[in-house]
Amino acid sequence: MQQLPLPLPCLFVAWGALPAIPMASPMPSLPPPGEPQILQLLTTKVFHDTTRAADTQGTALLGDVPTHAMDCGTCPIRFHQPWARQGLSPKQWGDLEKAIHLYLALITNTVVTVVQGTGVSFPFVIQILMGCEVLPNGTSHSFYQSVRDRHDLVRFNLATGEWVAAPGDEMAQRVRRSFSQDRGTSSRLRFLLQNTCVAEILSFAYYGKETLKRQERPVAMVFARQPPIASKLPLLLVCRVTGFYPRPIHMTWLRDGEEVPPGPGLNSSGLLPNADLTYQLRIVLAIDLGAGHSYACRVEHSSLGSRGLVVHWGPGGNWGVGLAVGIAISLLAAAGLAAVLWWRRHRYTRPEQRDSMGL
Ligand SMILES: *[C@@H]1O[C@H](CO)[C@@H](O)[C@H](O)[C@H]1NC(C)=O
Ligand SMILES: *[C@@H]1O[C@H](CO)[C@@H](O)[C@H](O)[C@H]1NC(C)=O
């Protein structure tokens, strides 16, 4: 196997010379969380060319709650949640920050060194997803994977300590070789993900209890879309629910009090994020007005207790004028909603970027 020159050996020395990475166990007595908790550290690096330093951005999420972030490869850790800093002393955070800066510089140098001659051209984006999950019985598992422009690059097998390259990718092979040669960094990274990360989850779950238990009640609205007038299309009933937290929710359409089973007439928007860390969801039912059924939307969510929420649709037996007015109002509401959604989508791009990483 061809040996690549090690990029910047001094970095390895610096990394290797770091005192033990902090928080092996900052709070040994902290219990495992009551619910499974996952901490994801997302790093994005944009490589412009061989000479310019890569633009780096890092975000940590506990479940869907942003806890801390790093705005550049040499920036300080910035806390999104006051409780996020509580599990460690300022000195320990400082040491961790230094370790992360070295690690980020190492990645930049490795990538810039190995990319030449692989046919990969600038600019490109490398995204790294790493972290760990802790279950209520105290077991945990850790993960590390990376992509270049959405193609798999390398994965770190935490169980064996081996780097695994995406098959058939020359750059991935070279990155793997370079990382594999650096046993010191690999073992420290492993320690970081299997110990430090788990300790962070325990401290976050303990100090951030209130945030993690947050309950926001959904607001439900039912309206009709697409008037059937002069068209053969069925009327679409929309049940839109927004502003709820946490994510798990169960929504169903009731026809004459009976749940409408999944089928071609039933559609869902899928869960969509709002800007305030709440969610929205729409379910759409195509109906045949002539059949004279009654319809209602039922919402079940942890914030609502066991009773849930039922919103009835329609003015009752007489569909005439009431329906037309209802449809006109609903169309206005839908247009307003579309405008709001458009605005949000264009203003708040972060969740989309997260999605686009396939996370
Ligand atoms: C912990 O829980 C997970 C998921 O419920 C299970 O797969 C695993 O075997 C459990 N481990 C132990 C040691 O109980
Ligand atoms: C369901 O909704 C999606 C997205 O709004 C749409 O593309 C699709 O055509 C819908 N399917 C049906 C059967 O209405």
Side-chain angles (χ1 to χ4, degrees), residues 20-43 59-68 81 83-84 86-88 96 127-147 152 154-164 166 186-216 218 244-252 262 268 270-271 273 277-279 281 299-306 308 351 354-355 357-359:
I21 291 173
M23 40 185 239
S25 182
M27 287 276 166
S29 58
L30 288 181
E35 303 281 324
Q37 294 291 352
I38 186 162
L39 181 64
Q40 299 184 92
L41 308 160
L42 316 171
T43 307
T59 299
L61 294 164
L62 181 65
D64 55 4
V65 179
T67 53
H68 53 298
Q81 305 288 341
W83 45 259
Q86 272 177 277
L88 286 185
L96 186 62
Q127 292 166 303
I128 300 161
L129 170 65
M130 59 182 148
C132 60
E133 183 177 27
V134 182
L135 301 175
N137 65 13
T139 57
S140 64
H141 74 97
S142 307
F143 48 88
Y144 180 111
Q145 62 204 62
S146 59
V147 295
D152 284 344
V154 293
R155 220 161 35 77
F156 190 34
N157 183 333
L158 273 300
T160 62
E162 298 296 322
W163 289 93
V164 183
S186 296
S187 75
R188 272 155 209 281
L189 186 60
R190 207 169 167 195
F191 183 84
L192 210 67
L193 292 173
Q194 291 182 326
N195 297 65
T196 310
C197 179
V198 169
E200 269 190 46
I201 287 195
L202 297 186
S203 102
F204 287 175
Y206 182 77
Y207 293 109
K209 263 193 220 83
E210 295 314 311
T211 306
L212 298 178
K213 280 196 203 141
R214 177 173 152 249
Q215 294 281 328
E216 301 287 348
F244 57 89
Y245 191 89
R247 270 193 271 209
I249 195 162
H250 187 60
M251 285 171 72
T252 42
S268 163
L271 202 61
L277 198 50
T278 64
Y279 293 91
L281 180 65
V299 182
E300 292 158 279
H301 186 257
S302 52
S303 66
L304 298 169
S306 55
R354 219 178 290 149
D355 287 348
M357 292 170 73
L359 306 175

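Note that the coordinates shown come from a computational prediction; the quantities given were computed from them, not determined experimentally. Counting starts at 1 for both ligands and their atoms, following the listed order.
A cation-pi contact, defined as under 6.0 Å to the ring centre and within 45° of the axis, is absent between Lys209 and Tyr207.
Expressed to the nearest 0.5 Å, how far OG of Ser140 lies from CG of Leu135 amounts to 8.0 Å.
The side-chain heavy atoms of His301 and Met251, taken from C-beta on, include no pair separated by under 4.5 Å. Looking at heavy atoms from C-beta onward, Asn137 lies out of side-chain contact with Pro32 at the 4.5 angstrom threshold.
Residues of the protein with a heavy atom under 4.0 Å from ligand 1 are Leu135, Asn137, Thr139, listed by chain and number.
Relative orientation of the Phe244 and Tyr279 rings is tilted, given thresholds of 30° and 60° on the angle between their planes. Using cut-offs of 30° and 60° on the angle between ring planes, the pair Trp83 and Phe204 is perpendicular.
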